[in-house]
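What follows is a short report on a single structure.
Just so we're clear, the structure is a prediction, and the values are computed from it rather than from any experiment.
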Amino acid sequence: MFVTFLNKADKRKLVMLQYLENAVALSETKETLMDQLTMSEFLINKTVQELNLDFYELGLNEEFEIVTDGTVIKLNASGLATSDTLLTYYLDQALKFSMLKECFFEQLSSLYEFATNHYLSHNPVYKEFKQFKLILKEYDIEVTKEFQLVGEESEIREFIFLFFMKEYYLNHSPFPKEILEKEKTFDRFNESTWLKPEQSARMRIRKKHYLGIVLARMTNGHYLQNSVENDLVLPKHLVIIEELKRWLQEILTITDQEVLEREARDILRFLIVEGWLIDNNSYIDQEQTYIQQLNEHFIQAVQQQFSLTADTLALLHAETTTIHYQLLSFSFSSRYEYQYMDVTYFLETYPEYAAFCRNYLEESRNRPILWNNKEFLFFRYLILLISTIPLKEILVPLYVCVDFSFGDSYNQMIQKNIEKILDLNVQFQSYPDDHTHLILSNLPFYGALGIDHILWLAPPRPIDWANFTEKVSVIRREQFQTKMADRKST
């Protein structure tokens, strides 16, 4: 959704950087790039030059450099920046994003003035604005003749929240001084009995942006119209809601109690979803019928696929409740925040869990709440399974023969190091047999046995460990594919 706000040239440059960033050894042949990115050789060369110039002008030349020998194009990266860093800079320069900010803060009075302020002629600005309106329309957001954003208020706020979280971080802020001062008064709750103020920098930034957006919209007279009010009914909910209502009334001088009630409830939901409350899970209504149904449906599917201990089952239930509460509370941002996430790493590293989550969601096509939010749920379900069910408990054994010329003590040292980096059901062997999947050794004669064999130097180099983990991943994928094929044939 962010890339749609960029101009064509910046999109083209970002796509190339992202491709190289994910390529093996951060390099690719020019011919492959031409084919994969559908660019001519001239455009490939031009894009490389433009990217290197951007790196220099944006102060990223210490983090990125693209070099080529005419055949292969390679990205040199320091590891201190990613393509997301470049996207942030491009968004900051994008006309459509400037239009979005000015419409949100209601600072845009005419396109003529906008063009003048940005030192542009009028025709290109009108064209950009027309495209800008079409993009927003895809998210059911309209721009009025007065350049105000209208639509479902909660979705407008969540849409802006996603953009501000992408563009502004650390000490940067899009908000005017007036809003920042009002947001700062929320710190009064740091001394309350319910708020947990010590949080990560990421969580503090998210809270700051969300509250800033709420206050900016309310200051300009835009209030929530529809709000679910049957999920925050416990006495401790009502205490916090009353405190939040008083806070809003003091800083915004709003007296409409229905407006204050809806806004306070929305802020409380955000605090619960983000984990800002002491004993946070106790604020989620565990008895909500719809959440219970979603939990039971997912957990039953997990139990049919994997063996679970009682402790794991209890943890799964608690975490799925949190996931589904967030889904129901902020469905718009949940749907779009994970939409373009690259999950290749998880597909390759955890094929068993990835296949389960994908199949579960595919079988839930007839349940719109699940299917419409499949990217969010795929990621959250996948991370949940990875973090709660150890792979070694569900995988068939992987038999690895470790035999180096330095004797048992050296072999045991290698085995211990393998156990530190692989959370798999690895069974070590001193000599190969019919079960052996892989031989790890510095002895070349093992290559004649017809069993997968990795020849290491001793002591092993980083490249030796990289080759080993890649080979293990290949064997696991083959085992998984065989298992899936056997299951389909029965």
(message) Is any side-chain heavy atom of Ile323 closer than 4.5 Å to one of Phe376?
(response) yes
(message) Check whether Tyr446 reaches the backbone of Asp403 with its side chain - one donor and one acceptor, N or O, closer than 3.5 Å.
(response) no
(message) Just to verify, what does Val474 make a side-chain contact (heavy atoms from CB on, under 4.5 Å) with, not counting sequence neighbours?
(response) Glu470, Arg477, Glu478
Show the atom names and distances, to 0.1 Å, of all donor-acceptor pairs under 3.5 Å that link a side chain in residues 55-70 to residues at least two apart or in another chain.
| unit_1 | atom_1 | unit_2 | atom_2 | d |
| --- | --- | --- | --- | --- |
| Glu63 | OE1 | Ser78 | OG | 2.5 |
| Thr68 | OG1 | Gly70 | N | 3.0 |
| Thr68 | OG1 | Val72 | O | 3.0 |
| Asp69 | OD1 | Thr71 | N | 2.8 |
| Asp69 | OD1 | Val72 | N | 2.7 |

(message) Using every non-hydrogen atom in the two residues, find where Pro397 and Gln427 come nearest and quote the distance to one decimal.
(response) CB-CG, 3.7 Å
(message) More than 12 heavy atoms of other residues, nucleotides or ligands under 6.0 Å from CG of Asp408: yes or no?
(response) no
(request) Could you grab the distance from atom OG of Ser473 to atom CZ of Phe480, nearest 0.5 Å is fine? (result) 14.0 Å
(message) Assess the residue pair Leu20 and Met16 against the criterion (side chain to side chain contact (heavy atoms under 4.5 Å, CB included)); give the C-alpha distance rounded to whole Å, side-chain angles, the decisive distance to 0.1 Å, and a yes or no.
(response) CA-CA 6 Å; Leu20 291 173; Met16 177 178 282; 4.2 Å; yes
(request) Go through the structure and list residues passing side-chain contact (heavy atoms from CB on, under 4.5 Å) with Glu393, not counting sequence neighbours. (result) Pro390
(request) With sequence neighbours excluded, give me every salt bridge (charged side-chain N to carboxylate O under 4.0 Å, His left out) pair touching residues 76-86. (result) Asp84-Lys166
(request) Could you tell me the separation between the CZ atom of Arg365 and the CG atom of Leu370, rounded to the nearest 0.5 Å? (result) 12.5 Å
(message) Quick check on Lys11: does its NZ atom have over 12 non-hydrogen neighbours (other residues, nucleotides or ligands) under 6.0 Å away?
(response) yes
(request) State whether the side chain of Asn280 and the backbone N or O of Leu277 hold a donor-acceptor pair below 3.5 Å, judged by distance alone. (result) yes
(request) First locate atom NZ of Lys8, then atom CG of Leu6, and finally report the distance between them rounded to the nearest 0.5 Å. (result) 13.5 Å
(message) When you compare the side chains of Thr388 and Glu319, does any donor N or O come within less than 3.5 Å of an acceptor on the partner?
(response) no
(request) Could you tell me which residues satisfy ring-ring contact (aromatic ring centres under 6.0 Å, His included) with Phe330, sequence neighbours excluded, listed by chain and number? (result) Tyr210
(message) Could you check, using the six-membered ring where one of them is a Trp, whether Phe378 and Phe346 have ring centers closer than 6.0 angstrom?
(response) no
(request) Please round to the nearest 0.5 Å and tell me the distance separating atom CD1 of Ile299 and atom OG1 of Thr320. (result) 4.0 Å
(request) State which residue, out of Ile383, Leu377, Leu382, fulfils the side-chain contact (heavy atoms from CB on, under 4.5 Å) condition with Phe379. (result) Ile383
(message) Would you say that more than 12 heavy atoms from the other residues, nucleotides or ligands in this model lie under 6.0 Å from the CD of Glu362, or not?
(response) yes
(request) Going by the ring pair (Phe, Tyr, Trp, His ring centres under 6.0 Å) test, name the single residue among Tyr139, Phe161, Phe159 that passes it with Tyr336. (result) Tyr139
(message) Looking at Arg204 and Gln199, would you say the former's side chain and the latter's main chain have a donor-acceptor pair under 3.5 Å?
(response) yes
(request) Please collect all salt bridge (charged side-chain N to carboxylate O under 4.0 Å, His left out) contacts where either partner lies in residues 367-385, sequence neighbours excluded, each pair once. (result) none
(request) List the atom of Glu158, the atom of Ser331, and the distance in Å for their closest heavy-atom pair. (result) OE1-N, 4.0 Å
(message) Could you walk me through whether Asp423 and Lys392 satisfy the side chain to side chain contact (heavy atoms under 4.5 Å, CB included) test, starting with their C-alpha distance in whole Å, then the side-chain angles of each, then the deciding distance to 0.1 Å, before giving a yes or no?
(response) CA-CA 6 Å; Asp423 181 28; Lys392 61 180 60 177; 3.2 Å; yes
(message) I want to know whether Phe5 and Phe163 have ring centres closer than 6.0 Å.
(response) yes
(request) On the 0 to 90° scale, with breaks at 30° and 60°, tag the Phe97-Phe164 ring pair as parallel, tilted or perpendicular. (result) perpendicular
(message) According to ring-ring contact (aromatic ring centres under 6.0 Å, His included), who are the partners of Tyr290, at least two apart in sequence or on a separate chain?
(response) none
(message) Within the structure provided, determine whether Leu37 and Arg12 are in side-chain contact (heavy-atom separation under 4.5 Å).
(response) no
(message) Are Gln479 and Leu395 packed together at the side-chain level, in the sense that at least one heavy-atom pair is separated by less than 4.5 angstrom?
(response) no
(message) Less than 4.5 Å apart, side chain to side chain, heavy atoms only: is that true for His209 and Ile160?
(response) no
(request) State which residues pass side-chain contact (heavy atoms from CB on, under 4.5 Å) with Tyr345; sequence neighbours excluded, sorted by chain then number. (result) Thr349, Tyr350
(request) Taking side-chain contact (heavy atoms from CB on, under 4.5 Å) as the test, write out the residues that go with Phe42, two or more places apart. (result) Ser40, Lys46
(request) Among residues two or more places apart or on two chains, list those pairs meeting salt bridge (charged side-chain N to carboxylate O under 4.0 Å, His left out) that have a residue in residues 20-34. (result) Lys30-Glu41
(message) Check this for me, if you would: do Glu274 and Arg206 make a salt bridge, where the nitrogen-to-carboxylate-oxygen distance has to be below 4.0 angstrom?
(response) yes
(message) Can you give me the closest heavy-atom contact between Trp276 and Pro197, atom names plus distance?
(response) CZ3-O, 3.8 Å
(message) Between Phe404 and Leu440, does the side chain to side chain contact (heavy atoms under 4.5 Å, CB included) criterion hold? Intermediate values first, please.
(response) CA-CA 8 Å; Phe404 286 81; Leu440 196 58; 4.3 Å; yes
(message) If only side-chain N and O atoms count, and only distance matters, is there a donor-acceptor pair under 3.5 Å linking Asp433 with Tyr399?
(response) no
(message) When you compare the side chain of Met165 with that of Ile205, does any pair of heavy atoms fall below 4.5 Å?
(response) yes
(request) Quick one: closest heavy-atom pair of Ser282 and Leu234, and the distance? (result) O-CD1, 4.1 Å
(request) Decide yes or no for Ile389 and Gln305: does some side-chain heavy atom of the first lie under 4.5 Å from some side-chain heavy atom of the second? (result) no
(message) Would you compute the distance between atom CD1 of Ile135 and atom OG1 of Thr4 and round it to the nearest 0.5 angstrom?
(response) 4.0 Å
(request) Give a yes or no answer on whether the side chain of Asn442 reaches the backbone of Trp456 with a donor-acceptor pair at less than 3.5 Å. (result) no
(message) Taking Leu384's backbone N and O only, do any of them form a donor-acceptor pair with Ser387's side chain (distance below 3.5 Å, no angle check)?
(response) yes
(request) I would like to know whether Tyr381 and Val302 meet side chain to side chain contact (heavy atoms under 4.5 Å, CB included); could you show each step before the answer? (result) CA-CA 10 Å; Tyr381 286 159; Val302 175; over 6 Å; no
Quiz: residues 306-318 side-chain donor-acceptor pairs under 3.5 angstrom, not counting sequence neighbours:
| unit_1 | atom_1 | unit_2 | atom_2 | d |
| --- | --- | --- | --- | --- |
| Thr309 | OG1 | Thr312 | N | 3.1 |
| Thr309 | OG1 | Thr312 | OG1 | 2.9 |

(message) List the residues meeting ring-ring contact (aromatic ring centres under 6.0 Å, His included) with Tyr325, not counting sequence neighbours, and say none if there are none.
(response) none
(request) May I ask you to test the Tyr360-His297 pair for a side-chain heavy-atom distance under 4.5 Å? (result) yes
(message) When you compare the side chain of Asp92 with that of Lys101, does any pair of heavy atoms fall below 4.5 Å?
(response) yes
(message) For the CZ atom of Phe332 and the CD1 atom of Ile141, what is their distance to the nearest 0.5 Å?
(response) 5.0 Å
